[in-house]
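Have a look at the structure below, then the notes.
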Amino acid sequence: MSDPVLEIRNLDVNYGLGDEAVHAVRDVSLTLHRGEVLGLAGESGSGKSTLAYGMLRLLPPPGVITGGQVLYHPRDGEPLDLMTLSTANLRRFRWSEISIVFQGAMNSLNPVHTIAAQLCDVIAAHEPRTSRAAQRARAKDLLKLVGINADRLNSYPHQLSGGMRQRVMIAMALALEPRVVVMDEPTTALDVVMQRQILAQLVELRERIGFSVLFITHDLSLLVEFSDRIAIMYGGRIVESAPAQDLYRESLHPYSDGLLHSFPALRGPRRELTGIPGSPPDLRAMPSGCAFHPRCPKAFEPCADRSPVLAAPPGTSSATDNRTVACWLHAVERVNT
Amino acid sequence: MGYLLRRIGFYAFTAWAAITINFFLPRLIPGDPVQALIARSRGQLDANAIQSLYILFGLDTDTGIVEQYFDYIGQLFRGDLGLSFTFFPTPVSEVLSDSLPWTLGLVGITTVISFLLGTFMGVLAGWWRGSWADMLMPVTTFLSSIPYFWLGLIAITLLADAGGAFPSSGGYDPGVVPSWDMDFVWSAVYHSLLPAITILISSMSGWVLSMRNMMLTVSSEDYITVAHAKGLSERRVMIGYAARNALLPNVSGFALSLGLIVGGTLLVEIVFSYPGVGFQLFQAVGAKDYPLVQGIFLIITLSVLVANLFADLIYLLLDPRTRKEG
Amino acid sequence: MALPTAEVMTAVPPAAPTPTRKRRRPRFLGNRKARIGMVLFGFFVLLAIFGPMLAPYDPGERGDQLLASPNGDHWFGTTHLGQDLFSQMLDGSRSVMLVGLIAGVVATVLGVLIGVTSGYLSGLGSESLSALSNVFLVIPALPLILIITLSLPDTNDMTIALVIGCTSWAWGARVLRAQTLSLRRRDYVEAARATGESTWRIIGFEILPNLTAVIAASFIGTVIFAVLSEITLAFIGVPGVSEWNWGAILFWAQSQQALAQGAWWWFVPPGLAIALLGTGLALLNFGIDEYVNPRLRSSAGTKVRGVKMRVGFTPVLSGKGDST
């Protein structure tokens with residue numbers, strides 16, 4: 001396994017302060033390695049987007065980060081903790097090291113500026129010495145990279161189709177050649193054909209440019225297909241993390257299993273679609289013990305009382321198998337804690 | 001350009017509606033409108049004035065109402081708005097052409113300044129919440145609830161009377177002759193300062209408030225988060241992304257509320273005895289000078305429509321979405 | 001005059017709460033602005049009901065103290081005829097409130113009828129109603145009210161309230177049309193239509209209840225406008241307005257040169273009373289705005305318990321890290 005680029009350690013994110021605070025992300029640790037595609041899946045409300053925005057400190061009010069570290073490992077030098085960066089440093093850091101492709105392609109672009117202006121302003125902000133002509137040339141290359149004709153440069157967002165806009169966003173994310181690109185459901189607003197096209201393009205770009213991707217989606221089967229590793233979130237916690245193929249072959253957590261049976265697989269043998277009964281937990285009133293137990297088909301005695309710990313399941317070693325799960329079915333010591 | 005044509009069509013329609021209202025209002029009253037006006041003016045009208053009323057209303061000849069209507073429109077196009085009672089036998093159009101420049105200068109310029117300044121302060125107040133800007137809100141609310149003309153009275157008491165720094169009435173010094181020389185221009189500017197400040201203070205707060213609210217609304221749009229994620233400078237995000245988008249509804253709000261604002265600002269002229277249309281309106285109401293009131297209504301409506309058209313042009317420049325296909 | 005800011009706001013549909021961000025809707029009166037506004041408004045309503053009875057003098061009665069400054073006998077001073085200004089203010093409050101409220105009701109009813117209809121219907125009828133509201137919006141309101149009142153053979157408080165009401169419904173209609181248009185596309189309305197519910201039932205039971213806040217805001221906005229308009233009319237000397245309407249008091253103050261004589265007590269109280277009433281109504285409206293548009297009450301940028309909330313830079317509470 002290659003070196004880590006981004007390490008999230010025990011991150012806690014709340015909405016609101018004091019007694020009214022809602023714990024949206026609890027004690028999440030996650031590592032993104034160089035060149036890797038890490039998938040993050042879960043139903044809506046599981047905290048996956050909150051985690052992504054929280055680690056970049058982009059959460060709108062009333063979001064607050066209440067604990068943990070987000071360590072970024074630069075090409076050389078000491079790791080930086082994003083949580084302690086000053087505003088100015090954070091501004092410099094953003095996009096040049098980690099960029100994001102947001103959920104809503106429709107609203108991610110500023111409607112009153114041309115595509116060119118929006119591609120150039122980010123270059124100008126981070127590399128102030130670039131001439132205007134050079135900025136435009138870069139913008140043109142970026143559009144070409146995602147398969148958009150250069151004559152679109154002077155278009156306004158409303159003149160582009162949804163798929164094109166999302167591609168512009170991807171081009172923009174790559175503008176400063178960041179080492180990490182976060183993708184928050186980048187294709188959900190698009191039709192299936194467009195989804196496939198854009199994802200294929202993304203895979204190709206990643207191979208060419210070599211950045212790491214944190215890919216967030218509720219569609220687990222999509223992740224199985226093209227991510228290296230997958231982490232599953234439920235109720236603000238990571239409940240399982242495993243290499244994509246392992247998870248697909250043998251998911252350990254009943255929730256992962258449920259997710260796998262909620263979407264048709266894109267390739268391979270057909271699976272029976274069963275879905276998950278019930279609805280995601282209310283973050284303001286989380287169930288006791290394992291948050292999933294009220295919906296879990298395999299719940300038994302300890303589940304309602306005690307929260308399972310995320311750990312390597314019995315019979316595996318965290319060094320070689322690289323998988324963890326938080327479930328009493330796979331706990332090493334069931335009786336203690 | 002389809003957008004612009006549609007707007008021009010709408011304004012033409014509105015102008016026609018205003019003219020039609022003007023034509024039919026006195027005719028809707030049962031009985032002879034001239035007699036009704038005579039009764040209300042309690043014998044202040046002389047025979048000439050009565051005759052001019054009959055001519056204005058088209059009652060001097062025995063024609064049908066349709067013909068009267070077209071005659072009326074024809075008269076308007078020739079700039080004939082009837083004769084004023086107050087300044088008998090001066091035509092209304094002449095009275096208005098004397099006063100309109102004063103009003104355009106005072107009300108027109110201050111309204112634009114007020115919008116620009118208020119919008120700018122609204123940008124700051126919306127972006128830096130919890131700072132001095134929020135402390136401003138109660139004051140702003142209070143100021144926007146005051147009738148403009150009353151604030152004018154207070155301004156005169158505090159700043160003009162009793163050896164104050166500003167003249168309390170008139171559009172220029174009685175000593176200077178109206179012409180385009182330095183003396184006169186300076187005198188006119190000096191006299192317009194206090195009314196202008198009055199209008200500014202009371203009308204600006206509305207813009208501060210609406211722009212602040214628009215900034216708050218726009219701040220939670222995705223593209224603002226993207227701009228932050230891009231690591232753009234604070235100024236770029238505030239001006240180029242948030243304010244630039246928040247401005248759009250504020251400009252269309254400006255166009256729409258001009259009609260409301262102008263009514264209020266005009267009356268500031270009354271307390272300052274400013275030689276504009278508003279002061280004339282006051283005199284005309286006092287003298288029951290119906291033709292003059294009608295003429296003022298028309299001229300203000302037309303001015304507001306033209307101002308609206310300008311606002312539309314600016315909107316067109318600001319919003320690429322209307323530029324394309326409308 | 002106060003701009004009805006609600007118009008611009010409601011052009012944007014209320015933000016859908018993000019899934020993880022469920023917040024309790026604060027009850028309307030939990031809002032401090034709304035509470036203060038309610039108290040001010042209530043005070044003036046009580047004044048309108050009981051004020052004329054409480055007046056110590058007959059407001060028109062002439063006294064010996066001419067143009068006296070406020071004193072023990074005359075709390076607000078007297079006019080050039082020795083009339084008691086305090087009594088005039090109390091007496092005038094009824095006319096001010098009555099005209100304002102009646103005009104507000106008339107305009108709101110018209111606004112709801114025209115706005116909701118043009119928002120719900122489609123096609124030519126809808127377009128022409130919308131054009132009609134725009135015409136009424138663009139035509140300068142005050143001069144229009146003036147020429148109408150001047151052409152009426154007989155004017156009193158009631159007719160003036162009606163004229164103001166019939167000319168100032170356009171703001172409300174515009175806002176309501178925009179809201180209705182967005183409501184019409186909501187699923188539950190589509191569903192009701194699909195099941196063949198009658199149009200009037202859908203409007204009455206599915207749409208109107210969701211417009212309550214907007215209707216209230218437009219009512220309050222119109223009352224503010226109506227109060228300012230009638231006071232202005234009285235101030236310019238339009239006949240028929242109640243004798244001691246605050247605008248009429250200002251008219252007399254102006255025409256008797258109260259300013260030049262230094263009689264500040266003559267014109268300060270009416271103006272302050274109007275401003276307080278207007279502030280109260282405006283505060284009520286802010287309360288409604290913040291209730292309707294959650295973005296306005298977001299804590300963005302404000303300091304909550306020492307933590308500065310800021311869009312784009314999420315605060316970090318733990319560790320040695322400083323949030324800004």
What part of A/L58 lies closer than 4.5 angstrom to a heavy atom of chain B: side chain, backbone, both or neither?
both
B/V226 vs A/Q118 side-chain heavy atoms within contact, under 4.5 Å:
no
Counting only heavy atoms not in B/F120 (residues, nucleotides, ligands), do more than 12 fall under 6.0 Å from its CZ?
no
More than 12 non-hydrogen atoms from neighbouring residues, nucleotides or ligands closer than 6.0 Å to CD on A/E177, yes or no?
no
So which residue, A/L90, A/D121, A/T114, A/I100, ends up with the most heavy-atom pairs under 4.5 Å with chain B?
A/D121
So with a 6.0 Å cut-off around CZ of A/R34, is the heavy-atom count from everything else above 12?
no
One should read off an interatomic distance between A/R92 CZ and B/S233 OG, to the nearest 0.5 angstrom, of 12.5 Å
Minimum side-chain heavy-atom gap A/P111-B/N245 below 4.5 Å:
yes
Side chains of B/L248 and A/V112: closer than 4.5 Å at any heavy-atom pair?
yes
Within the side chain of A/H126, is there an N or O that forms a donor-acceptor pair under 3.5 Å with the backbone of B/K230?
yes
Here the pair of heavy atoms bringing B/L232 nearest to A/A125 is CD2-CB, 3.7 Å
Between A/N110 and B/Y241, what is the shortest heavy-atom contact and its length?
ND2-CD2, 3.3 Å
Between B/Y223 and A/S108, which heavy-atom pair has the shortest distance, and what is it?
CB-O, 3.5 Å
Kindly compute the distance separating CD1 (B/I224) from CG (A/N107), expressed to the nearest 0.5 Å.
11.5 Å
